[in-house]
Amino acid sequence: MPYLRLALDVPLARLFDYELADADASAVGKRAVVSFGRRALVGMVIEVADSPADAGVAIKPVEALLDDLPTLPADILDLLQFCADYYQHPLGQVVHTALPGRFREIAPYRVAPACAYQAVDADALLGSLPKRASLQRRLAVMLAEPCSEAQLRAESGSAWRLVQAWLAQGQLRQVALSLALPQPVAGPALNPGQAAAVAAITQSAGFACHLLCGITGSGKTEVYLHAIAEVLQRGLQALVLVPEINLTPQLEGRFRQRFPGVEIVSLHSGVADGERATGWVRAARGEAAIVLGTRLAVFTPLPRLGLVVVDEEHDASFKQQEGLRYSARDVAVYRARQAQVAIVLGSATPALESWYNAEAGRYKRLALPQRAVAGAQPPSWQLVPTRRQHLADGLHAHTLGAIENRLARGEQSLIFLNRRGYAPVMHCSECGWLAACTRCSARLTVHMRERRLRCHHCGWEERFPPACPGCGNSDMKPLGQGTQRLEELLAQRFPQARVLRIDRDSMRRKGSFEAALKTIHAGEVDILIGTQMLAKGHDFPALTLVAVIGADSGLYSADFRASERLYAQLAQVAGRAGRANKPGEVLIQTDFPEHPLYQALLADNYADFAATELAERKLAGFPPYLYQAVLRAEADTLAEAMQFLQGAVALAPLDEAVTVWDPVAASMMRLANRERAQVLVQSGSRARLGAFLAGWMQALRAERAAKVRWSLDVDPLEL
DNA sequence: TCTCCCGATAAC
DNA sequence: TTATCGGGAGAT
């Protein structure tokens, strides 16, 4: 009797055997419904074996082998196994984080093959339409020839509804989809730098990792589009990863416009379950030519993968911060190597890990030195020294003057402050009391409009205390600057100006962010106040001033990655200024104008910054010169968490190539009433660290940690 | 003696 | 993770 070895979505690092008469190797990669304990689960067949792995247990039969989905191909199974091993995560859970949630349900999931649509009688259809219905008439003309769903949707948002209606009326019929690539719309001519980059990418044979470095406006997207066009012409598929959901609709629009008629699948957490599952199936069947998505898209099966692109590769959102803590960028590199295809990592400010790989010759650096739009000027940077200066509620007179200037010229200004709320804390000037979260080791942020104090870490909320709990003083003041306060201040200062604040609080409602972007584009805003929400990827042609407030906090942080992040963030937000032919100006208010980070930014010299930063990391023994992993634990008390970690350290295998540090309280020690601590492990050898972790996790899983929740984070971004 | 809650344990 | 089992504490 053959046995199916299944990966099940349970936190156990092992597979489970079930028997199935006349099963053969073709079952591998299919879903199976089984009874597990007392419940029914859907598992993934990983192996078919002649005998059970464990002779001592009674083996249940498979209830059903589902044949509804494309079989998970060997390369994806290998990829998932790699993730399970590398991140020390149970394979069953890896499988289920990698697949659309819909596939965890027992019901079969069927997707009709993608097809094209064509008018039964194009002339009759056109004749039946009113003269004024221009969209309908346009569609009718298109439908004389077979059109893909993507092509029709690209024509207009309401096109698909019309097509459905005509289909129901029998005006249209479904025809087989042609996989031949329609001619892409020609893009703008490439400048020499872009052309060289495209050539390097498309001419590389087999696996090659290209680090595409170019500031905002240097035309990285155009390089991607050209490289993808070449791949599509060879009948291959492209995988494109972007950091944020916010950015996908924009980019998707650009892709659809450039590749009309090409099936493009968009995969991210904002896509409804069913649509995600359908997109996955289309990609896996080879019907979709382009998969565009956030980190979860990295696991999509692509039988004819020809190119991988990771845009803004330095972005922290490529690293999942819970469950399977994978780095989609690193997994993407693995995938490209596996498929022996080129991968492009694009960024203006590459992660120092990637930069280091380029220095070492493992990645090929492609630089885009020029701005793509001829005549566009790079922004001019200016540091506004604020030490011992009088500031009007945090804004320097020079900054205010610059804003006034834009107002007079009818241009837009952006004040960038990465701190939402009114003020970061409520303060008693009598006794020095600060409002703190009772559940976290964090301050409560002041939200003036609602007159509430909020914890931005756990979501705790309370009303303003009527008097200081420390001394009874009733005169408590918000301390420091937040975006709300800045908004209030600027509205007072410039009563004639239209001020718009963009942060997670003001953009909570669905669609409000899109609406805000529209307002900005329509020129109905004079002064924008924004957090990092606004820093990424959006073009504002009328924006000519970016003023940065409160950046200094990233300079002297305990986190060794803080300056890297600060540089990236400032470079990114500066890119919002002056994208059209109006030169942009960037002002940074700082107490430390002489700081090398700012000096490198002013000189637009990331190479210098990276070299300095890497030298420091080498000296201090930080990544990328070492590989790290963190074992985190949380419990009701710090003592329990620490005790667990001490036990864990005692269980650690001995390896002179691996350093195991003492347990310490986490930097945010208390979070939502749980106390947290961690152990850092590092090694100069990735292989040794991996082997060490495998042994350690095996030993640790054999222990039962009653009240402690723990997890391992390999290549952590934050310690 | 009954019931509820918590911790331990198994899951193929 | 989910589901069940059993022991102990307090209620009836």
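All values below were derived from every heavy atom in this structure, side-chain atoms included, with hydrogens, water molecules and symmetry-related copies excluded. Lettering of chains follows the sequences in order, A, B, ..., and the numbering in each one begins at 1.
At a threshold of 4.0 Å, the pair A:Glu263-A:Arg285 does not count as salt-bridged, since none of the basic side-chain nitrogens sits closer than that to a carboxylate oxygen.
A:Leu91 places its CG atom 18 Å from the P atom of B:dC12, with the value rounded to the nearest Å. Here B:dC12 presents its P atom at 16 Å from CG of A:Leu20, a figure rounded to the nearest Å. Separating the CD atom of A:Gln93 from the C1' atom of C:dT1 is a distance of 7 Å, rounded to the nearest angstrom. As rounded to whole Å, 13 Å separates atom P of C:dA3 from atom CG of A:Asp9. Atom CD in A:Glu19 sits roughly 12 Å away from atom P in B:dC12 (whole-Å rounding). C:dT1 atom C1' lies 11 Å from atom CZ of A:Arg104, rounded to whole Å. Per the geometry, NE2 belonging to A:His89 stands 11 Å off C1' belonging to C:dT1, to the nearest Å. The CZ-P distance, from A:Phe16 to B:dC12, rounds to 8 Å in whole Å.
With C:dA3, C:dT1, B:dC12 as the candidates, the nucleotide lying closest to the side chain of A:Arg38 is C:dA3.
For C:dT1, the base has a donor-acceptor partner in the side chain of A:Arg39 [N/O atoms by modelled type, under 3.5 angstrom]. A donor-acceptor contact under 3.5 Å links the side chain of A:Arg14 to the base of B:dC12.
Aromatic ring centres of A:Trp280 and A:Phe103: separated by under 6.0 Å.
Contacts of A:Leu12 with the nucleic acid, taken as non-hydrogen atoms under 4.0 Å apart, include base atoms. Among the atoms of the strands shown, base atoms are found under 4.0 Å from some heavy atom of A:Phe36. Looking at heavy-atom distances under 4.0 Å, A:Ala53 makes no contact with the nucleic acid at all.
Atom OH of A:Tyr109 and atom CZ of A:Arg31 lie 10.5 Å apart (nearest 0.5 Å).
When the side-chain nitrogen and oxygen atoms of A:Arg709 are compared with OP1 and OP2 of C:dT1, one or more of them lie within a distance under 4.0 Å.
Put simply, the side chain of A:Gln237 gets close to the backbone of A:Ala288: a donor and an acceptor are under 3.5 Å apart.
Relative to the ring axis of A:Phe207, A:Arg337 places its NZ or CZ within 45° and under 6.0 Å from the centre.
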